[in-house]
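Numbers here are sequence positions counted from 1.
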Amino acid sequence: MKIELRQWTQQDQTDLMKLCNEVDRTYLRGNMPFPYLEEDADWWLSMVAGRDGIDGVVRAITVDGEVVGSISVEQMIDVRCKDAEIGYMLATDSWGRGIMTEAVREICEIAFTGNVYEPNTASAKVLEKNGFELEGVLKHAVVKGENIYNLCVYGKVIEK
């Protein structure tokens, strides 16, 4: 199994739509459209291309050349401008194979924080396997559908 991170391109439109329509949304941000349409993919791919390397890095996660997920590092703003947040999603049929742990390891040099909804223990383990430490828990900080979750904030200091 060959896991690689690569830049998203306009040629990934179909793969992106498939991923976003099939991914488990339980712990993802609530602003991703559903159903995820061609115009959503076109907008997002253009936006990513214009921002890459400026205030964030977004990569497709591929396994043996097939897109199975996405991972990003986004620079925070204002008083947190020296921080970055890591976010990711993975096709459900790719879970439990170590793919996300490897993807986080590869992008980790520029990632400083990760936020995990408290019941999402699999995501917490991915961060912990990559040297992130739990820095704190924000009580009842996020609402997802009918659920209210604590938000676990993980951090990793990168010495330069």
Side-chain angles (χ1 to χ4, degrees), residues 1-77 84-108 110-130 132 138 140-154:
M1 174 171 68
K2 184 175 181 181
I3 301 167
E4 293 183 321
L5 303 185
R6 66 162 177 78
Q7 290 184 311
W8 286 98
T9 69
Q10 287 295 333
Q11 289 71 38
D12 294 317
Q13 180 194 65
T14 301
D15 289 334
L16 177 61
M17 289 170 49
K18 181 178 186 296
L19 176 67
C20 291
N21 282 317
E22 295 177 0
V23 72
D24 182 336
R25 292 165 174 261
T26 304
Y27 301 116
L28 295 180
R29 288 182 177 170
N31 63 349
M32 187 167 63
F34 185 81
Y36 200 85
L37 305 174
E38 190 173 313
E39 56 262 26
D40 300 317
D42 286 342
W43 174 84
W44 189 82
L45 290 167
S46 295
M47 183 272 304
V48 165
R51 289 182 45 208
D52 193 51
I54 297 171
D55 61 356
V57 177
V58 181
R59 296 292 180 261
I61 302 168
T62 65
V63 175
D64 299 328
E66 178 185 345
V67 174
V68 298
S70 183
I71 189 165
S72 66
V73 176
E74 296 180 48
Q75 182 179 3
M76 304 305 284
I77 58 172
E85 183 175 276
I86 188 170
Y88 39 81
M89 64 178 172
L90 187 66
T92 310
D93 60 357
S94 295
W95 289 7
R97 298 170 51 198
I99 295 167
M100 193 53 70
T101 298
E102 177 62 20
V104 168
R105 188 194 66 73
E106 289 184 25
I107 207 165
C108 194
I110 52 176
F112 300 108
T113 64
N115 294 321
V116 176
Y117 299 174
E118 192 170 51
N120 191 357
T121 57
S123 192
K125 287 180 185 176
V126 165
L127 294 174
E128 291 165 0
K129 288 179 183 178
N130 280 284
F132 285 78
L138 304 175
H140 307 286
V142 291
V143 176
K144 183 71 176 175
E146 299 295 317
N147 299 308
I148 299 173
Y149 296 112
N150 293 341
L151 187 66
C152 300
V153 179
Y154 283 80

### Task
Look at atom CZ of R29 and say whether more than 12 heavy atoms of other residues, nucleotides or ligands are closer to it than 6.0 Å.
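12 or below, so no.
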
### Message
With a 6.0 Å cut-off (strictly less than), is the heavy-atom count around CD of E66, excluding the residue itself, greater than 12?
### Response
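At most 12 heavy atoms, drawn from other residues, nucleotides or ligands, come within 6.0 Å of this atom.
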
Can you tell me how far apart [atom1] ([X]) and [atom2] ([Y]) are? Round to the nearest 0.5 Å.
X: E74; Y: I86; atom1: CD; atom2: CD1; value: 10.5 Å
X: I3; Y: E106; atom1: CD1; atom2: CD; value: 7.5 Å
X: S123; Y: E128; atom1: OG; atom2: CD; value: 10.0 Å
X: Q7; Y: R59; atom1: CD; atom2: CZ; value: 4.5 Å
X: Q13; Y: E38; atom1: CD; atom2: CD; value: 4.0 Å
X: N130; Y: I107; atom1: CG; atom2: CD1; value: 11.5 Å

Shortest non-hydrogen contact from [X] toward [Y]:
X: G69; Y: W8; value: O-CZ2, 3.7 Å
X: A91; Y: L19; value: N-CD1, 3.8 Å
X: D42; Y: Q10; value: OD1-OE1, 3.7 Å
X: P35; Y: D40; value: O-OD2, 3.7 Å
X: W95; Y: L90; value: NE1-O, 3.1 Å
X: P119; Y: Y27; value: CB-OH, 3.5 Å

Within the distance-only criterion (no hydrogens, no angle test), does the side chain of [X] pair as donor or acceptor with the backbone N or O of [Y] below 3.5 angstrom?
X: R25; Y: M32; value: yes
X: T9; Y: Q11; value: yes
X: K125; Y: T101; value: no

### Task
Go through the steps for R51 and V58 under the test side chain to side chain contact (heavy atoms under 4.5 Å, CB included), then give the verdict.
CA-CA 9 Å; R51 289 182 45 208; V58 181; over 6 Å; no

### Query
Would Y149 and Y117 count as a close aromatic pair, with their ring centres under 6.0 Å?
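Centroid distance Y149-Y117: below 6.0 Å, so yes.
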
### Ion pair E102/R105, N-O distance below 4.0 Å
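Answer for the salt bridge query: yes.
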
Can you confirm whether [X] sits close enough to [Y] that some side-chain heavy atom of one is under 4.5 Å from a side-chain heavy atom of the other?
X: V67; Y: L16; result: no
X: P33; Y: W43; result: no
X: K2; Y: V63; result: no

### Query
Run the side chain to side chain contact (heavy atoms under 4.5 Å, CB included) check on L5 and I61 step by step: do they pass?
CA-CA 5 Å; L5 303 185; I61 302 168; 3.7 Å; yes

